[in-house]
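A short write-up of the structure that comes next.
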Amino acid sequence: MDDPFDLAGAEEPAPAPQPQSFPYLDSLNPPQRQAVETLEGAVLVLAGAGTGKTRVLTTRLVHLLNTGTARPWEVLAVTFTNKAAREMSDRVGQLIGNRVEGMWLGTFHAIGARILRRHAELLGLRSDFTILDDDDQQRLLKQLLEAEGIDPKRWPPRQLAGVIDGWKNKGLMPDRVPEGDSGFADGRGRDLYRMYQERLQTLNAVDFGDLLLLCIRLFQTAPDVLAEFQRRFRYILVDEYQDTNVAQYLWLRLLAQGAKNICCVGDDDQSIYGWRGAEVGNILKFESDFPGAKVIRLEQNYRSTAAVLKAASAVIANNEGRLGKTLWTDIPGGEKVTVIGVWDGEEEARTIGDEIESLHRKGERLSEMAILVRATFQMRSFEDRFIEIGVPYQVLGGVRFYQRQEIKDATCYLQIVAQPDNDIAFERIVNTPKRGLGDATVQMLHRAARGARQSLYRAAEALVETEELKPKARNTLKRLLDDFARWRQVKDDLDPAELAGMVLDESGYTEMWQRDKSPNAPTKLENLKEMVLAMEDHETLGAYLEHIALVQANDSSDDTEKVSIMTLHAAKGLEFDTVFLPGWEEEVFPHRRALEETGNAGLEEERRLAYVGITRARQRCFISHAANRRVFNEWRSGIPSRFVEELPADAVEVRAETGLYGASAQPGGAGSRQQSPGSFAYDAPWLQATQRLKERGYRAGGYARGKVIEGEAREVRTLENVRKFQKDERVFHQKFGYGLVARVDGNHLLIDFEKAGQKKVVAAFVDPA
DNA sequence: CGCTTGTTTGTTTTT
DNA sequence: CAAACAAGCG
């Protein structure tokens with residue numbers, strides 16, 4: 001399953017058998033059935049959350065084959081994530097067996113890579129080109145900036161990468177970028193983009209965006225190649241269509257112009273990749289792009305209880321510019337969504353941990369529980385807590401396995417064995433482990449390489465034959481090159497795992513970590529072992545390298561009894577009986593930068609993310625927010641997310657964390673605040689600061705839909721000015737009691753508490769004694 | 001010249 | 001709390 005792209009069966013002539021009855025159709029509802037049976041022409045399926053989208057997709061695929069309408073190799077099925085591709089492949093495989101093999105089923109990027117490898121020479125690449133990850137990309141851009149005399153401090157490579165990525169997502173080659181676009185480095189962005197592409201070409205490398213962009217160029221410049229693919233892909237299926245960007249859209253449109261049989265499935269309310277160039281507009285334009293297209297709506301939700309669905313619908317209803325669907329369910333009632341307010345991130349982890357244990361004791365399966373966070377940094381507190389109380393868990397996504405330092409290093413060694421001209425990899429490991437080939441030597445290699453217009457590796461080979469290097473460096477370099485030559489000789493006789501073991505040991509890389517006495521060294525060694533183990537699944541080194549370039553390791557869950565922790569983005573397409581949604585605080589969720597960078601559009605995307613989160617739940621949904629959160633080493637106070645207030649009062653139950661704050665929290669509680677009809681609000685003592693803030697107009701204007709965000713951000717800051725405190729002032733704090741202010745630092749106070757000792761706290765939560 | 005040590009800096013989401 | 005970066009040591 002690692003390589004879903006075998007071309008097996010391409011010449012097989014026999015059409016599939018054509019049974020007369022198709023029992024799988026009987027279990028579909030009428031619109032689902034229509035979506036499955038409308039095989040010809042353009043079809044857009046608007047599938048709300050939990051309406052059986054995956055089922056429709058897989059059944060349709062099966063139906064195409066079973067009716068003899070298409071043979072496996074005539075089908076192109078595209079997804080966004082590897083996880084989705086794998087799931088589709090598995091499910092179709094269960095129904096029709098090995099006929100999946102011949103299908104082109106995979107992510108946009110994986111299929112793009114496959115197309116490019118076949119026709120690389122038409123684009124000035126060799127078919128063994130390397131695919132750079134964003135780390136490599138940024139290194140390369142940094143070199144480029146330095147070479148151009150642009151200060152990487154003032155113009156961060158990271159930002160340039162973002163700009164270039166944006167262009168690529170829009171399908172723009174350097175010559176099509178409008179002059180002076182972007183403003184990067186005083187309008188030099190476009191030139192840098194052009195130079196970057198040239199550099200990639202000489203390196204025989206592509207980045208992620210190129211996997212699509214270069215395909216488009218290929219199709220445009222080689223009509224015969226395009227025609228071949230158009231002939232081949234008679235039936236095209238696209239999952240998560242709402243997340244396509246312009247490049248993907250162009251790519252699809254070119255391919256679909258042949259047979260014009262294209263079926264796209266999507267949900268505008270679940271479009272959460274706008275930051276990656278996704279254009280919800282694509283889904284809105286569908287009917288005009290494919291005249292005569294049939295639009296089918298799936299609105300019956302089979303997943304969630306009425307309560308969960310009601311909460312989700314109420315939140316998403318605050319978005320404008322929706323296609324609009326009315327989801328309904330047969331599943332009656334259900335538990336209300338629980339909203340929990342806690343003091344800080346650690347308490348949040350404790351509370352959720354307790355809840356998980358309690359549910360588990362009642363017989364709920366851990367594998368049916370998930371914690372969905374906005375950003376990966378939120379994961380840590382849960383991991384810490386679960387380790388402490390012994391709850392088994394798994395993290396999906398998160399820090400990417402293949403991007404960890406030690407894995408990346410090891411991979412670079414292997415890449416150079418396979419592709420010596422990979423300069424980026426070479427530079428990374430030439431002095432790792434330290435072997436005395438430092439900056440000066442590398443600079444010399446660079447000069448030699450540039451002079452002779454060849455790769456660093458080849459330049460090194462030439463250089464060790466001369467007297468230019470100092471003897472010590474020369475010998476070391478010679479030894480390294482000899483090592484590589486030796487590994488390269490045996491690479492085809494060993495399987496990848498054996499080769500990796502050999503390279504890691506003989507290069508001294510393993511030894512480097514064995515000697516390292518820092519506390520994380522053992523983990524790194526473990527990871528290396530894990531990597532070697534994983535390589536056993538791959539037939540060739542090339543297959544392994546392709547796999548890690550395109551697939552992130554941690555994206556699939558095993559079925560063991562574990563709680564899952566992942567980002568909201570990673571959770572799309574999944575479902576669980578119980579879902580925990582922590583960190584619903586302004587600035588965390590909706591994320592501050594989403595609002596800053598894209599204003600209302602950003603806010604609406606965040607809201608769709610909230611919608612995705614809630615709709616993952618079948619039975620139970622817990623939403624929590626913390627009053628304080630640790631950011632790096634300082635404490636920041638937060639107020640509940642506006643999304644909390646958008647929850648409908650009658651589908652929500654508020655739980656106060658008793659003990660600390662008393663049990664006074666009630667929906668629509670005793671607070672002086674007015675609440676808008678139908679929305680829900682509550683009081684908890686620690687929310688008093690928030691309360692005060694809101695009474696001063698924060699809520700009235702601040703949460704208004706569509707309002708420009710700057711004003712709001714400034715309002716939030718007034719939280720810090722709730723009350724000024726002086727050094728040595730006597731104060732009272734809800735949790736820690738009485739104390740004396742030892743230091744004032746903006747809104748952060750260092751207080752010597754009489755009972756609790758010295759603590760850093762936020763001024764908003766302290767009252768004068 | 002290369003390596004160790006301290007300092008600063010910055011975390012959305014992913015193929 | 002990391003990793004990237006700058007300054008001093010051998």
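In what follows, chains are A, B, ... by sequence order, proteins preceding strands, each numbered from 1. These numbers come from a predicted model, not from an experiment.
As rounded to whole Å, 13 Å separates atom C1' of B:dT15 from atom CG of A:Asp210. With rounding to whole Å, A:Ile548 atom CD1 is found 19 Å from B:dT14 atom P. Going from atom CG of A:Leu372 over to atom P of B:dT13 covers 14 Å, rounded to whole Å. In this structure, A:Glu605 atom CD and B:dT13 atom C1' are separated by 8 Å, rounded to whole Å. We find that CZ of A:Arg593 is positioned 10 Å from P of B:dT13, with the value rounded to whole Å. A straight line from CG of A:Asn431 to P of B:dT4 spans 10 Å, rounded to a whole angstrom. A straight line from CG of A:Asn169 to P of B:dT13 spans 17 Å, rounded to a whole angstrom. Between the CD1 atom of A:Ile111 and the P atom of B:dT15 there is a distance of 15 Å, given to the nearest Å.
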- Under the rule of Watson-Crick or G-U wobble with both distances under 3.5 Å, where | means paired to another strand and [ ] a crossing pair, DNA chain B maps to ||||||||||.....
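Between the side chain of A:Trp275 and the base of B:dT13, a donor-acceptor pair under 3.5 Å is found. For B:dT13, its base never sits under 3.5 Å from the side chain of A:Arg276 at any donor and acceptor pair. For B:dT15, the base has a donor-acceptor partner in the side chain of A:His109 [N/O atoms by modelled type, under 3.5 angstrom].
A heavy-atom distance below 4.0 Å to DNA chain C is reached by none of the residues of residues 466-479 of chain A.
Listed by chain and number, the residues in a side-chain hydrogen bond (donor to acceptor under 3.5 Å, both in side chains) with A:Glu240 are A:Lys53, A:Gln242, A:Lys572 (sequence neighbours excluded). Take A:Arg593 and apply the salt bridge (Lys or Arg N to Asp or Glu O under 4.0 Å) test, not counting sequence neighbours, and it matches A:Glu597. In this structure A:Glu383 satisfies the salt bridge (Lys or Arg N to Asp or Glu O under 4.0 Å) test with no other residue, sequence neighbours excluded. Partners of A:Phe576 according to the ring-ring contact (aromatic ring centres under 6.0 Å, His included) rule, which considers only residues two or more places apart in sequence or in another chain, do not exist here. Residues forming a ring-ring contact (aromatic ring centres under 6.0 Å, His included) with A:Tyr249 (at least two apart in sequence, or on another chain): none. A:Arg158 meets the side-chain hydrogen bond (donor to acceptor under 3.5 Å, both in side chains) test with no other residue; sequence neighbours excluded. A:Lys408 pairs by the salt bridge (Lys or Arg N to Asp or Glu O under 4.0 Å) definition with A:Asp133, A:Asp136, not counting sequence neighbours. For the side-chain hydrogen bond (donor to acceptor under 3.5 Å, both in side chains) test, residues two or more places apart in sequence or in another chain that qualify with A:Trp513 are A:Tyr509. Taking A:Glu388 as the reference, A:Arg385 meet the salt bridge (Lys or Arg N to Asp or Glu O under 4.0 Å) condition, with sequence neighbours excluded.
For A:Thr441, the listed nucleotide lying nearest its side chain is B:dG2; candidates were B:dG2, B:dT12, B:dT15. Here the side chain of A:Arg374 is nearest to one of B:dC1, B:dT15, B:dT12, namely B:dT12. You'll find that the side chain of A:Phe208 is closest to B:dT15, out of B:dT14, B:dT15, B:dT12.
The CG atom of A:Leu116 sits 12.0 Å away from atom CD1 of A:Ile111, with the distance rounded to the nearest 0.5 Å.
Regarding contacts with the backbone of B:dT12, every side-chain N or O of A:Thr567 stays at 4.0 angstrom or more from both OP1 and OP2. For A:Thr376 and B:dT13, the shortest distance from a side-chain N or O to OP1 or OP2 is below 4.0 Å.
Contacts of A:Phe80 with the nucleic acid, taken as non-hydrogen atoms under 4.0 Å apart, involve only primed sugar atoms and P, OP1 or OP2. Looking at heavy-atom distances under 4.0 Å, A:Tyr273 makes contact with sugar-phosphate atoms alone, never a base.
Aromatic ring centres of A:His569 and A:Tyr273: separated by under 6.0 Å.
Shortest non-hydrogen contact noted between A:Met379 and A:Leu396 is CE-O, 4.2 Å.
Of the residues A:Glu586, A:Glu606, A:Glu587, the one that meets the salt bridge (Lys or Arg N to Asp or Glu O under 4.0 Å) test with A:Arg642 is A:Glu586.
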- Task: Produce a footprint string for nucleotides 2-10 of chain C: one letter per nucleotide, 5' end first; B if the base is under 4.0 Å from any protein heavy atom, S if only the sugar-phosphate is, - if neither.
- Result: S--SS----
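When each of A:Glu597 and A:Lys434 is assigned the nucleotide of DNA chain B with its nearest heavy atom, A:Lys434 is the one assigned upstream, toward the 5' end.
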